[in-house]
Amino acid sequence: MVIEPKVKGFICITAHPDGCEENVRRAVEYSLSHKSIADNGPKNVLVIGSSTGYGLASRITAAFAFGAATVGVAYERPSSGRRTASAGWYNNAAFEKYAAKYDIPFDSLNGDAFSDDMKAQTIEAIKNTMPGKKLDMIVYSVAAPKRTDPQTGEVYSSVLKPIGNPYSEKSVDFHTGKVSSVSIDPATDDEIAATVKVMGGEDWLMWINALKENDLIAENAVTLAYSYIGPELTHAVYKDGTIGRAKIDLEEKAREIDKLLSDIGGKAYISVNKALVTQSSAAIPVVPLYISILYKLMKENGTHEDCIMQMNRLFHRIYDSSSVKDVPTDEFGRIRMDDLEMADDIQNRLKDVWSIVSSDNIEEITDIKGYRDDFYSLFGFGLDNVDYSRDITDF
Ligand code: NAD
């Protein structure tokens, strides 16, 4: 069968195995060409949320820039009948192929990271993949729409809404380039609480507790979770909205985890990353238009980075420091990988473009084309050296 993109809103329900492999191959090559010379880098790494976006980039960086054995946990859909697997499924298969080729130990688990069962299975996998060793890095990069609380069985759904007041702002349908105003009603208290349950730090803390109880965390280990802040114009729907509340909780849990790891000299960090096209960020209102303008300005400036470039820079920033406790941070202890995005000249120019952008000029004054390309590329489509006419029978 010839596999083509089938897009529904901000999701593509098909994925191309060759295209996904090509994306992973490029990220592996990038990491191999940015190999660390430091010998204090991570050697045994667990990535939770390892199949797409920042988690996949973290795993590839750990394995190919630092030579680390990795265990990855993700929740992806295999193929069935004439339905392709999800992109993350193919990404994971490609990761495993390259890890095997370079003789780098790995194991991957597919299932619900929020469940007790997946934590137990992962603990066994770590013992088998890294015999007699302990984790020196744990990356928590889950972005999920729902979470079942393992203790109560209750299901929580996250929402992307403002808090307090309705919010109206420009937004774009990135398929058509139509710019219009979106209005979003504020979240209820229950919706805020549910979003914190799903995207806050409770599950990260549960993972660290489970790993520590099993004596699987090494001395001086680092654990990371990712956040976003962004400029004023996205604050109502991000930083000051429901997802922002979840990120405040993530920061609180980072402080708790920090205390939990203090007896073994470990450290928990929040890394504030750049806005990038991922399956999760495509779902946030206003953000695709913001990213389209941001890409144009950062590419012109020569400062644009994708997920793999961000994660390589992050890992090098951590392990080039004299100790994992001395990584440069902001006043709240967060690592700021969004430094290039938030640079004054970029943000000032962005405000000017934002004030005039419309359906008529969006193709000229923004990089909406780059946004679309990146969106299709997430699912393995539109890459220049992939044969999309190939008849694929074993997807
Ligand atoms: P993504 O959608 O690309 O990746 C999410 C990962 O979580 C996937 O590997 C998926 O399989 C996994 N996952 C989802 N539900 C799961 C479950 N129940 N069990 C196990 N795995 C599950 O998302 P992303 O954009 O890379 O986001 C990762 C983190 O980075 C999030 O905390 C996000 O807020 C943060 N972040 C993203 C951006 C951005 O612009 N994309 C910017 C800054 C920070």
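Values reported hereafter were calculated over all heavy atoms of this structure, with side chains retained and with hydrogens, waters and symmetry mates removed. Whatever order the structure lists ligands and atoms in, that order sets their numbers, starting from 1.
Residue D112 approaches ligand 1 through these ligand atoms, each under 4.0 Å from one of its heavy atoms: 17 (C), 18 (N), 19 (N). Remark: ligand 1 atoms within the under-4.0 Å shell around heavy atoms of G53 are 3 (O), 26 (O). Near S280, meaning under 4.0 Å from one of its heavy atoms, ligand 1 places the atoms 1 (P), 2 (O), 23 (O), 25 (O). Shown in contact with A144 at under 4.0 Å from a heavy atom are these atoms of ligand 1, numbered in order with element: 15 (N). Heavy-atom proximity to F114, at under 4.0 Å, picks out these atoms of ligand 1: 18 (N). Which parts of ligand 1 touch G111 is read off a 4.0 Å heavy-atom cut-off, strictly below it: atoms 19 (N), 20 (C). For ligand 1, the atoms sitting less than 4.0 Å from at least one non-hydrogen atom of A275 are 40 (O), numbered in the order shown with element in parentheses. Atoms of ligand 1 found under 4.0 Å from any heavy atom of S50 (numbered from 1 in listed order, with element): 9 (O).
Judged purely by distance below 3.5 Å, without hydrogens or angles, the side chains of T188 and D190 never pair a donor atom with an acceptor atom. In summary, the side chains of E169 and W354 do present a donor paired with an acceptor at a separation below 3.5 Å, with no hydrogens or angles considered. Counting only N and O atoms by type, the side chains of E22 and N385 include a donor and acceptor under 3.5 Å apart. Y140 and D203 are linked by a side-chain donor-acceptor pair at a separation below 3.5 angstrom, with hydrogens and angles left out of the test. A donor and an acceptor atom, one from each side chain of Q279 and T52, are nowhere located under 3.5 Å apart. Between the side chains of S115 and D117, not a single donor N or O lies within less than 3.5 Å of an accepting N or O. Side-chain atoms of Y75 and S51 form no donor-acceptor pair, as typed in the model, at a separation below 3.5 Å. Judged by distance alone, the side chains of R59 and N92 do bring a donor and an acceptor atom under 3.5 Å apart.
Looking at N273 next to ligand 1, no N or O pair under 3.5 Å apart turns up. Below 3.5 Å of separation, one finds an N or O of T52 facing an N or O of ligand 1. At a 3.5 angstrom cut-off on N or O pairs, L276 counts as close to ligand 1. Residue-to-ligand polar distances keep A74 apart from ligand 1: every N/O pair is separated by 3.5 Å or more.
Aromatic ring centres of Y167 and H235: separated by at least 6.0 Å. With ring centers used as reference points, F375 lies under 6.0 Å from H175.
Considering all non-hydrogen atoms of both residues, N312 and S31 come closest at ND2-OG, 3.3 Å.
Residue-level proximity to ligand 1 for Y238 is carried by the side chain, the only part with a heavy atom below 4.0 angstrom. By the criterion of a heavy-atom distance under 4.0 Å, the backbone of S227, and not its side chain, is placed next to ligand 1.
Put simply, the side chain of Y371 reaches to within 4.5 Å of the side chain of P288, judged on heavy atoms.
The protein atom (non-hydrogen) at minimum distance from atom 41 (N) of ligand 1 is T278 OG1, 3.1 Å. Looking only at protein heavy atoms, the nearest one to atom 9 (O) of ligand 1 is S51 OG, 2.6 Å. With respect to atom 30 (O) of ligand 1, the closest heavy atom belonging to the protein is Y226 CB, 3.4 Å. At the shortest separation from atom 36 (N) of ligand 1 among protein heavy atoms lies Y54 CD1, 4.1 Å. Nearest protein heavy-atom contact of atom 27 (O) of ligand 1 is A143 CB, 3.8 Å. Of the protein's non-hydrogen atoms, the one nearest atom 29 (C) of ligand 1 is S141 OG, 3.6 Å. Nearest protein heavy-atom contact of atom 42 (C) of ligand 1 is K274 O, 3.3 Å. Atom 32 (O) of ligand 1 has its closest protein heavy atom at K247 NZ, 2.9 Å.
The heavy atom nearest to atom 10 (C) of ligand 1, considering only R59, R147, M311, E76, is found in E76.
Looking only at distances, a side-chain donor or acceptor of Y388 sits under 3.5 Å from a matching main-chain atom of G382. Under the 3.5 Å distance criterion, the side-chain polar atoms of T70 are left unmatched by any main-chain donor or acceptor of G72.
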